[in-house]
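We number each residue from 1, following the sequence as shown. Everything numeric here is computed off the predicted structure, so don't read it as measured data. Atoms within each ligand, like the ligands themselves, are counted from 1 in listed order. Hydrogens, waters and symmetry mates are skipped; everything else that's a heavy atom, side chains included, is used.
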Amino acid sequence: MATVRFDKATRIYPGNDKPSVDQLDLEIGDGEFLVLVGPSGCGKSTSLRMLAGLEEVNDGKIWIGDRDVTHMSPKDRDVAMVFQNYALYPHMTVAENMGFALKIAGVDKSEIKTRVADAAKILDLTEYLERKPKALSGGQRQRVAMGRAIVRSPQVFLMDEPLSNLDAKLRVQTRTQIASLQRRLGVTTVYVTHDQVEAMTMGDRVAVLDKGVLQQVDTPRKMYDHPANLFVAGFIGSPAMNLIHVPVDEGGVTFRSGLHIPIERERLAKLDGEVVVGVRPEDLEPAAEHEGLPVTVEVVEELGADAYVYGTPMEGRTDLEQGVPKPFIARTDGRTPPAKGSTVYFKPKADHVHVFDPATGERLTD
Ligand SMILES: Nc1ncnc2c1ncn2[C@@H]1O[C@H](COP(=O)(O)OP(=O)(O)O)[C@@H](O)[C@H]1O
Ligand SMILES: [Mg+2]
């Protein structure tokens, strides 16, 4: 087993002027399950491929345990990668697919057989060992791909969107299986996904990337309760956090309900008279007319236990998305949702208000 450390690791693809991964600093503990998440094109696969040795590192270093692997060939790094499109060999049986890397490495036949049998048992694939991939379901193929990594008993597992070819229901089942399998095996794992729900449910810690730059690394709980900047605030959580531009007064932000969020004098002085206030849909509560933010209800999404109200706030300003203001979203009781077209009033719960600098995106409150 081993730790993994990215030390200002940078990748600039030939012909590009900007790095696709820019000075990535990230330490992953021994046996930890770390999820790297972010929108498409943010540099997740590039980061993983640098760790695997499949992509050159232009600046900085990468360590596995106490070995500097920055310029080591992939086969010497003792990592096993599971790709998005499994890449199973169609002409080989499940057993042959799982044992192939060992065969190439010159491991003897009986040893291969034992390791494949062990992995098959863990993955519930024993009865399929003699089948070809085309005679398997999507979920079984995915497990074969996992099996290929497991038989190598590497120091580190690398997984690049390994669930993206499965349908929604299977994806949910499989993510639980992978997370519990990883905990059982205790192998340090770096898992890449663009899906923040996957990241939050699977990872011991989550690292959020945007445009090649690491934004925050934290436990799912801390990431959700304490986003470090506007990007993370908007990216983590579904439906998304409400982010509204509001004016500041001399001490901070004051809400109609009387709630006052102080901002340090020094930080306040640097602002242009405005902050972005973030409140999650579940952190809003109904308020009386004189103490709440008035919202015109446009859509009510009834989910049974809860309802989500989508509307337009009559004060403050939400950012635009494709030219139209983002809706304001509030979770309300499912049995008594407000009517479409009505005006309702909301106030934030005191301990769940986030405040950001609109210019830098940085969090302003502790
Ligand atoms: N071989 C390549 N040559 C040039 N640019 C690349 C190459 N591979 C990826 N990129 C660019 O690097 C950025 C990050 O890509 P990638 O790591 O694949 O993102 P992700 O996996 O997060 O979707 C993107 O802007 C992408 O266009
Ligand atoms: Mg990718």
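Given atom 2 (C) of ligand 1, the protein heavy atom at minimum distance is Tyr13 CD2, 3.3 Å. Ranking the protein heavy atoms by distance from atom 15 (O) of ligand 1 puts Thr46 OG1, 3.7 Å first. Counting protein heavy atoms only, atom 18 (O) of ligand 1 is closest to Ser45 CB, 3.8 Å. Of the protein's non-hydrogen atoms, the one nearest atom 26 (C) of ligand 1 is Ser20 OG, 4.8 Å.
By the 4.0 Å N-to-carboxylate-O rule, Arg280 lies too far from Asp225 to be salt-bridged with it. Salt bridge Glu291/Lys347: present, at least one basic N to carboxylate O contact under 4.0 Å. Look at Glu362 and Lys270 and you find no salt bridge, because none of the NZ, NE, NH1 or NH2 atoms lies under 4.0 Å from a carboxylate O.
Of the candidates Asp68, Asp7, Asp25, Asp68 is the only one forming a salt bridge (charged side-chain N to carboxylate O under 4.0 Å, His left out) with Lys61.
For atom 20 (P) of ligand 1, the nearest protein heavy atom lies under 4.0 Å away.
Judged purely by distance below 3.5 Å, without hydrogens or angles, the side chains of Gln155 and Arg67 pair a donor atom with an acceptor atom.
If you take CZ on Arg148 and CZ on Phe83, they are separated by 8.5 Å, rounding to the nearest 0.5 Å. His354 contributes atom NE2, which lies 9.0 Å from atom NE2 of His226 (distance to the nearest 0.5 angstrom).
Neither the backbone nor the side chain of Leu209 has any atom closer than 4.0 Å to an atom of ligand 1 (non-hydrogen atoms only).
Taking every heavy atom of Asn16 and a limit of under 4.0 angstrom, the matching atoms of ligand 1 come to 4 (C), 5 (N).
By the 4.0 Å heavy-atom criterion, Gly38 is excluded from the residues contacting ligand 1.
Ser45 lies close to the Mg ion (ligand 2), since one of its N, O or S atoms is found at a distance under 2.8 Å.
The heavy atom nearest to atom 25 (O) of ligand 1, out of those in Gly41, Ser40, Gly212, is found in Gly41.
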